[in-house]
Amino acid sequence: MKKSSILITLIHVLALGGAAGQQKQTIYLSGYTFTPGKKEIGIVKLTDNDQVKAITISGTDAASFRTGKGSSLLLNKKVKPDVKWMDITITAHTASGSDISGDFRIVRDEFIHNTVIAHRGAWKNTGTPQNSIASLKNAVAIGCEGSEFDVHLTSDSVLIINHDDVIQGLPIEKTSSAELLQLKLSNGETLPTLKDYLTAGIDQNKTRLILEIKPSVISSERGIALTHKVIGMVRACRAEAWVDYISFDYDICKEVLKLAPPAQVTYLKGDKDPAQLQADHLTGLDYHFSVMQKNPGWIKDAHDRKLTVNVWTVDDGQLMDWLIGEKADYITTNEPELLLKKLKQ
Ligand code: MG
């Protein structure tokens, strides 16, 4: 390797290490939704276990909230029926003497519970490209519980939505965002960034956003740097109420739990049993149907451990019937229309 490329590699590693290593103290809530008639929203917490002594609420909709015992956030008054979400800033005054603030969107809980997760959006029967904003909007329009999508990191650390690590011949991790964002999907849409995708996805409060963090093809450090960027973007977009996380990389799953502790985080690879997932505090499993066929006891075992069960990618009607009968919590499919029809029968 030439000296110049060694230097560039070293700078690259240091930059990624810095991004992954900068785990600042951050404020989060144990819940981000409200239900009319119920006071409790969630508990205000800090990622480094510093104790919250008191909290202050400010911002546009502060009057709708108050603080309760044990750093809890409570609904203060009746919310008009047309209000879908409210924006507040919470400042935690900590035992160590610092003040930590965060902006949050508290969302009316009208999320659908019908088990249907559209795999890369509802694209197959709608003529839209996979992982496009159009496919996400189709999943929302037909009433899916969730819409899944995949996130990669460009060479200049921009978050891009695509399934494969190569798009139109360009390896995403080795290509700049300037070049990638010139690309058009088959429907004319520009290749979406995570920011574009979240902005489109939080325009409603019915369908959850199932965010798959793709492992890096370059290094595990880069996968962790991607994870930090993703959590930062979800926080910046105030999208916590909508987003659940999935990954094939177990270390990425555990990193999400560190950075955003109340998040729903499920593992995709299929090589850990429910006991292991519970021990590592994951919230569920999300395995290929062949793994569930080989281990039919895992659905009950997972449920007994309060873990959720998602199964991918289920396009066959008989398999859908089996999983509906087994009470899988979620079924990820390229055929959400068929699954919705079955569930209505
Ligand atoms: Mg995926």
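For ligands, and for the atoms within them, numbers begin at 1 and follow the listed sequence.
Asn295 and Tyr287 are not linked by any side-chain donor-acceptor pair at a separation below 3.5 angstrom, with hydrogens and angles left out of the test. Using a 3.5 Å distance cut-off with no hydrogens or angles, the side chains of Thr128 and Ser135 do not pair a donor with an acceptor. No hydrogens or angles considered: a donor-acceptor pair under 3.5 Å links the side chains of Asn334 and His119. There is no side-chain donor-acceptor pair under 3.5 Å between Thr91 and Asp99.
Using bins of under 30°, 30° to 60° and over 60° for the plane-to-plane angle, the ring pair Tyr32/Phe104 lands in the tilted bin. In this pair, Phe149 and Tyr197 present their aromatic rings tilted. The plane angle is within the 30 to 60° band.
Excluding waters, the set of protein N, O or S atoms lying under 2.8 Å from the Mg ion (ligand 1) comprises Glu148 OE2, Asp150 OD1, Glu212 OE1.
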